[in-house]
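Order of the sequence lines sets the chain letters (A, B, ...), proteins ahead of strands, with each chain counted from 1. In what follows, every heavy atom counts, from backbone to side chain, and hydrogens, waters and symmetry copies are set aside.
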There are 2 protein chains.
Amino acid sequence: MGMEFLPDKPIYQQLVEHIIGDIIRDTLVTGEKLPSVRDYAISVGVNANTMQRVYKELENLGITETRRGQGSFVTENQMRIQELREEMKEQLVQSFIQNVEALGFTTNEMVHYLQRRGEQDD
Amino acid sequence: MGMEFLPDKPIYQQLVEHIIGDIIRDTLVTGEKLPSVRDYAISVGVNANTMQRVYKELENLGITETRRGQGSFVTENQMRIQELREEMKEQLVQSFIQNVEALGFTTNEMVHYLQRRGEQDD
DNA sequence: TCTAGTGTATTAGTTATATAGTACACTATG
DNA sequence: CATAGTGTACTATATAACTAATACACTAGA
């Protein structure tokens, strides 16, 4: 019960990303029912409205479908999931490159650094 | 006159990063005097207080030195600049990896993607 | 038809960011 | 010593982002 959040990003956004991560990792699968807004809110330790916003975002992204009175479910549309996966990847890389350039680094330098880090972890 | 800012990050922070970038790129060199708070604020199109905050951050980071009544100058301490460069790099990579993992990607996948992007740009 | 479980809407409060205006303090220079 | 140029401090305001609390609406099933 409870989850750690970084102070530099909205909680709801971190939750959205975490759930998308679960879908990408297949921890949450197609058609699966998500916990109710209130249950999930409690288990994570946030306000129910915050969680509601998370579910709304997920629905706007087209990766969940909500049936009033029933709950939210991961979409059956596998294509949309793959699409979103690529969108998120592109967006992540783009904002990374933006930061890299603002700070005067080159993408090449960062790639090398990332590779060295990767070797250590695996 | 005027500068573009992204909506997802505080203006003062973007300015700090931009100036650090100028130092890393050697667009701003050791010992060089920065414009006055007021002048710089006008040229960029922000309020003077916002720019003051930027200068304060830079001084806290130890890469500028402020002499009251004279102005702010890039530190003569080359070592500190190199140090900061590595700090920023590490921090950038760390937060990137955090996002990558939250979204269910692997560092390896992202490195490959970054490399393909790099080839296109150069 | 009642009730428990679900999503939804509305309103309010807190905090961070940015802006604005004004006054003060230090330094160099004529 | 007067003045212009510089950084600094303080108070106030506006706005947006985020979180919180509460009330409402729909669905399924006993």
### Task
Let me know the distance between CD of A:Q13 and P of D:dT19, rounded to the nearest Å.
10 Å
### Query
Which residues satisfy the salt bridge (charged side-chain N to carboxylate O under 4.0 Å, His left out) test with B:E76, sequence neighbours excluded?
none
### Query
Does A:R85 have any salt bridge (charged side-chain N to carboxylate O under 4.0 Å, His left out) partners at least two apart in sequence or in another chain, and if so, which?
B:E109
### Query
Among C:dT19, D:dA20, D:dT19, which nucleotide sits nearest the side chain of A:R53?
D:dT19
### Message
When you measure from the side-chain N and O atoms of A:S36 to the phosphate of C:dG5, is any distance below 4.0 Å, counting only OP1 and OP2?
### Response
no
### Query
Of all the nucleotides listed (C:dT6, D:dT19, D:dG7), which has the minimum atom distance to the side chain of A:K33?
C:dT6
### Task
Would you tell me if any nitrogen or oxygen in the side chain of A:Y12 comes within less than 4.0 Å of OP1 or OP2 on D:dC18?
yes
### Task
Round to the nearest Å and state the distance from A:E65 atom CD to C:dG7 atom P.
14 Å
### Query
Cut-off 3.5 Å, side chains only: do B:T64 and B:E59 have a donor facing an acceptor?
no
### Task
Look at the side chain of A:N49 and the base of C:dA9, then say whether one donor and one acceptor between them are separated by less than 3.5 Å.
yes
### Task
Please state how far atom CG in A:D39 lies from atom P in C:dA4, giving the value in whole angstrom units.
15 Å
### Task
For B:N47 and C:dT17, give me the distance from atom CG to atom P, rounded to whole Å.
16 Å
### Task
Tell me, with the steps shown, if A:I97 and B:L114 meet side chain to side chain contact (heavy atoms under 4.5 Å, CB included).
CA-CA 9 Å; A:I97 290 179; B:L114 271 169; 4.1 Å; yes
### Query
So, is B:T50 close to the C:dT19 phosphate, meaning a side-chain N or O under 4.0 Å from OP1 or OP2?
yes
### Query
Between D:dA21, D:dG7, C:dA9, which nucleotide gets closest to the side-chain atoms of A:Q52?
C:dA9
## Note on the structure
For A:L61, the side-chain contact (heavy atoms from CB on, under 4.5 Å) test, sequence neighbours excluded, returns A:V16, A:I20, A:I63, A:L84
### Query
How long is the line joining NZ of B:K9 and P of C:dT17, in whole Å?
13 Å
### ring pair (Phe, Tyr, Trp, His ring centres under 6.0 Å) partners of residues 12-48 of chain B, not counting sequence neighbours, each pair once
none
### Nearest listed nucleotide, side chain of A:I11, among D:dT19, D:dT8, C:dG7
D:dT19
### Task
Starting from P on D:dT6, measure out to OH on B:Y40 and report it in whole angstrom.
15 Å
Show me the side-chain donor-acceptor pairs of residues 27-35 of chain A shorter than 3.5 Å, one per line, residues at least two apart or across chains.
| from | atom 1 | to | atom 2 | distance (Å) |
| --- | --- | --- | --- | --- |
| A:T30 | OG1 | A:Q78 | NE2 | 3.1 |
| A:E32 | OE1 | A:V29 | N | 3.0 |

### Task
Return the value, rounded to whole Å, for the distance between atom CE of B:M51 and atom P of D:dT6.
14 Å
#### Entry: Between C:dT8 (P) and A:L58 (CG): distance, integer Å
12 Å
### Query
What string of B, S and - do you get for nucleotides 24-30 of chain D, 5' to 3', when a contact is any protein heavy atom under 4.0 Å?
-BBSS--
